[in-house]
Amino acid sequence: MPSHLNVVVEPLSRTRRRLLFLASILFFLVAVPIFVFYATGYRYDFLEPNAVITTTGGLYISVGNDAGEVFVNDELATNARLFRKALYIQSVNPGVQRINVQAPGYQTWVKELPVYPYLVTEAAAFLMPERPQVRPITQFTTSTGTPVFIGVASTTEIASFASTSIAFIATSSKATTTLNKNSEYEYIRGLFGTSTATSSSLIARVVDEAKGIFTSTAPASSTATATSETVATTTIKQNETVLFKQGDDVYVRYVGTESSIPYYFCVPAEIDAASTSVRYQAQLISAEQAYAREQGTTSSSTTAVHMNNADLRCRHTIKIDRQWSDVVSFQFFPGSTDLILMHRKDGVYVTEVDDRAWQNTQKIYPASAEAVKVDGGRIYVQDSGRLFEILTQIPTK
Amino acid sequence: MGVYWLVRMDDKSHLLPYARRADFHVGRATELVGRERRVYRLLEILPGAASWGTLIGVILMSIYAPFIAAYFVIAFALFWVLKTGFLTYHLRYNWKRLRHHMKLDWQALVAPLPHDHLHHVVILPFYKEPEAVIRATIESLVAVRYDHKKIIVVLAAEARAGAEAQQLAEKMSQEFGEVFEAFLVTTHPADTVGEMAGKGSNAAYAAERVRVEVLDPRGISYSETIVSIFDIDTVLYRDYFNCLVWHFLKAKRPLKSSFQPVPIFNNNMWEAPALARVVAMSSTFWEMVQQERPERMATFSSHSVSFQALYEVGYWQTNMVSEDSRIYWNLLLANDGQYDVIPLSYPVSMDANAAPTFWRTMVQIYKQHRRWTYGVENFCYIMYHFMRQPNIPRGTRIKIALQQAEGYWSLVTNPIMLFILGWAPIFLGSREFHKTVLSYNLPIVVRDLLTFAMFGLIASSIISLSLIPERPKHASRLRYVVMALQWVLVPATMIIFSAIPGLDAQTRLMFGRYMGFWVTPKVRADVV
């Protein structure tokens, strides 16, 4: 037997264990402050010869598109971590940062946001297709479900400005014996207020506009739509947010509890963000007055900006940027209270509520839209008597 | 026989002075009266209150002081990484030592040492375990490299198990009786006043019977008799007794020492589900770590001790659940702190807890671990007697008390704090906290630290693969891969089979809902 196999090994010596224990304690005492400072936002650049300890903040950007990339001051955020379905970018220097979110085929979302030390600035980007995406909804379809536009010269271009991944047929023939009736068409047509004559939709819209009535169909998630017939035409409530029109402008007002107010209604109180606050104040007075008038109550403009806690300064109403265009109708974007769907004279647009910098506005349909409806989380448009669903994602082929 | 048993219990002349106290074998507060009862009751409440207080405290801190809670969570995650590294170092060292000891020729090592005067008593308490389990254990005894005529086997049956168990014991006696110096079958009477039905009362009864019926008639000295108490599923490695004798003869104070092998729960490793394997091997690893720091060890499960030492404290306690570790505390107190546990770093194989169905396996593991973690009753016992045993140096008492308190507290709270409450500040913290970089960085830092701590699991995976028995022909080679990867289950097993049963046990003790002894059913693949 080898000699080493006749040696019984003793347990670890106390000295060795004690040394290991003491080394662990020492490491712990040194590491805890380092980790805590790091987690709080302190940074030190070891590669810089004259480096000092700096304080940083963070950005939390909800991209809204799987292919979306985030750029901070034109540099791709490579250190971003996926965090609760959004990108968290840490170690961002305090100051105003220009954020771009872009994806191939989509419009770019751009915003300048203030970043404060130790704090995270949130934002929700949205990306709409550069070229409008539509799905034709026709009165008749082929046996395989292909939409068919009847009585249309084959040379007629249908929605040429848009892109559709759904094949359709345009035929000058009005014969429908070999075609199937499309029940969806009947339903959607019903939403627009007529079931047969395409020309009547235009008349209906003119009448509606003359009455100053907006005939939106609130999505299923809406908790209420109106308090009176008159108000019902201009006020839409979804969850804890109210969307209303006063004069030519559209406003969003938060009516829920202070603790749940969306982040873009607030700025950190202790930060000297004068420009932001001034802008908030200026805009808010008219918004508060508008809402108060609408509700038949006294204007609350004098308390428009107030402290709701020690750290945040919040207001409750935000005006939606209509870019000097007339608003035909408006609605919450399906499934969101952060985005507004506006049918303007110059087209159909999605505008964000967040006005900490300019409100991003992205066009999803051109000016030829006659009427827009939202139903079951989908956006429908009537154009030249034809019906389309507007798609907000480029369909995968 | 029952009458004699009661008479012996009243005779305390052979006991060490401290063991003669009326409260020496106290099992629970209700066995005491007056101030002692109140003190003991308070001690029973303390562990559960501390654990619940900690868990509730973390939640409240997350709500009302989320920043402090976040700092605490980061510090705790770092502590966990270091603890993992610290324990893994011990585990790796013991693994090397264990493998080395398994290769040693212990017979050759013992040969030069005079040891013919030593006798071994092997006590095998059993309840209703099947014949295959008992037979495997006795056959492993037959297979050991040791003079079998120095081994007295006591197959300790329970009267409450019925005639079938006694017939089985008699059958084993007839079959193997001639192999050993003696083969005694004892039947522990049912419903003895003051006893809890369980392994402790059965073993204590068997020890007294072997003294009266074998040791005394044959004039075998108590101090030259080493008692090994084995769970009935214990399968011995061939040199166990040589290894034991070597350590006994080399010990500084052999009669004031217990000898602890490493219980490897691998008998049925190829049949048990992954979850059961992880839990079983985790228990083995904990014992391996403890083998490298003997001053923190208490006896656990199968172990050996001189008959003299046992006799001087009245054998195992008969009125509580965790008799395997309690006997160490009895011996430590009765010997004024002059008592050791000597790690053998030599294995004994036992069964991983596995039932015929997955769900029953889970229930069994939970109940077994609740019984094991009910060992917190020892904390009350230690604290109670440390207040009354001045012969043990105060520093030693404080050190042991703190070690035990930390052990039972961390067993229950650490996994829950780490894997569940670590995220509490994020969900429960105020709006101000949620705006901060700290709130966003907290889960990232904690997740990175815990990922780093995974190196401990990798080490566990490698070590466990080296400890499993040879692959049976019916098992696919792919099972090795599963056995390597099964360690990712550890965060779940730590919570489900360690923290929660531990909290369950402490809560029961806290509210005076005392537990009885639950016998883990033993099955083998061939008898399922």
Side-chain angles (χ1 to χ4, degrees), chain A residues 1-2 4-14 16-17 20-21 23-25 27-29 31-42 55-60 81 83-84 88-92 115-122 258-261 263 266 268-269 308-312, chain B residues 67 70-79 81-83 85-86 89-90 93-94 96-101 103-106 108-109 243 246-247 250 289-295 297 342-346 426 430-449:
Chain A
M1 174 181 290
H4 75 276
L5 286 184
N6 273 327
V7 179
V8 176
V9 181
E10 294 297 318
L12 272 171
S13 72
R14 278 202 181 215
R16 209 160 153 185
R17 285 190 285 138
L20 183 64
F21 183 68
S24 301
I25 288 181
F27 182 85
F28 180 79
L29 293 175
V32 165
I34 292 173
F35 273 80
V36 166
F37 281 127
Y38 176 84
T40 311
Y42 289 95
T55 53
T56 63
L59 285 163
Y60 181 74
R81 296 180 77 146
F83 193 94
R84 292 185 230 153
Y88 169 56
I89 305 159
Q90 52 180 320
S91 310
V92 181
V115 173
Y116 309 108
Y118 320 115
L119 298 176
V120 174
T121 301
E122 286 183 61
E258 291 286 306
S259 59
S260 303
I261 191 166
Y263 58 86
C266 306
N308 77 328
N309 56 48
D311 297 295
L312 296 171
Chain B
F67 290 93
Y71 301 148
F72 173 75
V73 167
I74 291 170
F76 191 74
L78 257 170
F79 162 76
V81 171
L82 291 172
K83 188 175 181 178
F86 188 74
Y89 179 76
H90 286 69
Y93 189 91
N94 187 258
K96 287 167 69 178
R97 203 154 74 88
L98 183 80
R99 280 155 56 100
H100 175 74
H101 282 189
K103 287 180 193 159
L104 284 183
D105 184 352
W106 288 97
L109 283 170
C243 175
W246 189 91
H247 281 92
K250 292 284 184 180
V289 168
Q290 296 296 77
Q291 295 259 326
E292 297 309 315
R293 39 185 195 175
E295 77 283 356
M297 274 183 93
I342 294 177
L344 295 181
S345 272
Y346 192 83
I426 300 161
S430 60
R431 188 181 172 89
E432 294 78 45
F433 178 70
H434 287 151
K435 290 292 229 182
T436 63
V437 167
L438 179 61
S439 163
Y440 284 80
N441 279 345
L442 179 64
I444 294 171
V445 169
V446 171
R447 189 176 55 198
D448 289 351
L449 284 171

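In what follows, every chain begins at residue 1, and chains take the letters A, B, ... in the order their sequences are listed.
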What part of [X] gets within 4.5 angstrom of chain A, counting heavy atoms only: side chain, backbone, both, or neither?
X        : answer
B/Ile74  : side chain
B/Phe79  : both
B/Ser345 : neither
B/Glu292 : both

(message) As a quick check of understanding, evaluate side chain to side chain contact (heavy atoms under 4.5 Å, CB included) for B/Arg293 and A/Leu12, giving each step before the final call.
(response) CA-CA 7 Å; B/Arg293 39 185 195 175; A/Leu12 272 171; over 6 Å; no
Roughly how far, to the nearest 0.5 Å, is the [atom2] atom of [Y] from the [atom1] atom of [X]?
X        : Y        : atom1 : atom2 : value
B/Tyr71  : A/Phe35  : OH    : CZ    : 15.5 Å
A/Tyr116 : B/Lys435 : OH    : NZ    : 9.5 Å
A/Arg17  : B/Phe86  : CZ    : CZ    : 7.5 Å

Which portion of [X] sits near chain B, non-hydrogen atoms under 4.5 angstrom:
X        : answer
A/Thr56  : backbone
A/Tyr118 : backbone
A/Ser260 : backbone

(message) Looking at every heavy atom in both B/Val437 and A/Ala39, which two are closest together, and how far apart are they?
(response)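 What the structure gives for the nearest pair is CG1-O, 3.5 Å.
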(message) Give me the atom names and distance for the closest heavy-atom approach of B/His100 to A/Val9.
(response)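 Looking at all heavy atoms of both residues, the shortest contact is CD2-CG2, 3.3 Å.
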How about [X] and [Y]: do any of their side-chain heavy atoms sit closer than 4.5 Å?
X       : Y        : value
B/Tyr93 : A/Arg16  : yes
A/Pro11 : B/Gln291 : no
B/His90 : A/Leu20  : yes

(request) Just give me the residue among B/Leu82, B/Leu438, B/Leu78 that pairs up with chain A most often, heavy atom to heavy atom, under 4.5 Å. (result)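 Between B/Leu82, B/Leu438, B/Leu78, the count favours B/Leu78.
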(message) Counting heavy-atom pairs under 4.5 Å with chain A, which one of B/Thr436, B/Asn94, B/Val81 comes out on top?
(response)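 Top count of heavy-atom pairs under 4.5 Å with chain A: B/Thr436.
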(request) Please state whether the rings of A/Tyr88 and B/Tyr440 are parallel, tilted or perpendicular, taking 30° and 60° as the class boundaries. (result)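 Aromatic pair A/Tyr88/B/Tyr440 classed parallel.
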